[in-house]
Amino acid sequence: LLQLEESGGGSVQAGGSLRLSCVVSGYKYSSACMGWFRQSPGREREGVAAIFTSGDEIYYADSVKGRFSISRDNAENTLHLQMNSLTPEDTAMYYCAAGTWRPYAGLCLTDTEYKFWGQGTQVTVSS
């Protein structure tokens, strides 16, 4: 049974940092997308950062480039999202997601590429 469990969300002031973690269990795909998405009320779900596990290609949304960093720890089966220089616009529920096997990266920031989702962790940034 595949499970994704996020942690690390919280409330910070603008300019602060948070580190999200996603522990993945029961996941077996060595060539797939793994990523972080976010959604705030009234807005569509947005791909924030993703990594393609075969070759570790990394993708970021333009809105977070230079501020967010995605990484994975294979030994601990954990996906991380380091978020720096946070702004109120980053306020959202953040979700960890994992896709199924694919031969190439494709659109790893697109939610249709993903089959498995965590429950989400809330990030709130105050001005």
Side-chain angles (χ1 to χ4, degrees):
L1 178 64
L2 186 143
Q3 290 184 316
L4 298 92
E5 184 172 355
E6 305 98 333
S7 63
S11 297
V12 295
Q13 291 190 328
S17 298
L18 284 173
R19 180 177 172 86
L20 305 183
S21 296
C22 174
V23 177
V24 184
S25 58
Y27 192 59
K28 62 180 181 179
Y29 301 103
S30 61
S31 180
C33 297
M34 296 185 71
W36 289 94
F37 288 75
R38 67 185 180 187
Q39 188 168 25
S40 54
R43 301 185 68 175
E44 292 187 357
R45 186 162 54 189
E46 174 190 21
V48 174
I51 187 167
F52 187 64
T53 59
S54 177
D56 282 341
E57 297 167 55
I58 290 176
Y59 306 87
Y60 295 105
D62 288 343
S63 57
V64 306
K65 281 181 181 176
R67 301 188 299 122
F68 290 13
S69 177
I70 188 172
S71 62
R72 65 184 184 130
D73 184 329
N74 291 334
E76 297 186 356
N77 295 322
T78 303
L79 189 70
H80 298 288
L81 183 68
Q82 178 66 43
M83 306 186 295
N84 299 326
S85 302
L86 286 162
T87 74
E89 288 68 37
D90 296 315
T91 294
M93 184 72 77
Y94 283 71
Y95 299 91
C96 172
T100 55
W101 185 90
R102 61 181 300 112
Y104 52 88
L107 301 173
C108 281
L109 287 178
T110 304
D111 58 4
T112 52
E113 295 294 311
Y114 293 82
K115 182 176 180 180
F116 308 105
W117 295 85
Q119 294 298 308
T121 185
Q122 178 67 38
V123 172
T124 303
V125 185
S126 58
S127 58

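What you are looking at is a predicted structure, and each value in this text was computed from that prediction instead of being measured.
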Without hydrogens or angle criteria, can the side chains of [X] and [Y] be said to hold a donor-acceptor pair below 3.5 Å?
| X | Y | result |
| --- | --- | --- |
| S21 | H80 | yes |
| E46 | S63 | yes |
| T78 | D73 | no |

Does [X] reach the main-chain N or O of [Y] with its side chain, forming a donor-acceptor pair under 3.5 Å?
| X | Y | value |
| --- | --- | --- |
| S85 | G15 | no |
| E6 | C96 | yes |
| R38 | T91 | no |
| Y59 | V48 | no |
| R72 | N74 | no |
| S54 | S31 | no |
| T87 | E89 | yes |

So which atom in [X] and which in [Y] form the shortest heavy-atom distance, rounded to 0.1 Å?
| X | Y | value |
| --- | --- | --- |
| C108 | A50 | O-CB, 3.2 Å |
| Y60 | A49 | CD2-CB, 3.6 Å |
| R67 | L86 | NH1-CA, 3.9 Å |

Name the orientation class of the two ring planes belonging to Y94 and F68 (parallel below 30°, tilted from 30 to 60°, perpendicular beyond 60°).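 Y94 and F68: tilted rings.
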Please tell me whether M83 and I58 are part of a single hydrophobic cluster in this structure, the criterion being side-chain heavy atoms less than 4.5 Å apart. yes
Under 4.5 Å between side-chain heavy atoms, counting indirect links through other Ile/Leu/Val/Met/Phe/Trp/Tyr residues: same cluster for F116 and L79 or not? yes
Is there a side-chain contact between W117 and D111, using heavy atoms and a 4.5 Å cut-off?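 Touching, per the 4.5 Å side-chain cut-off.
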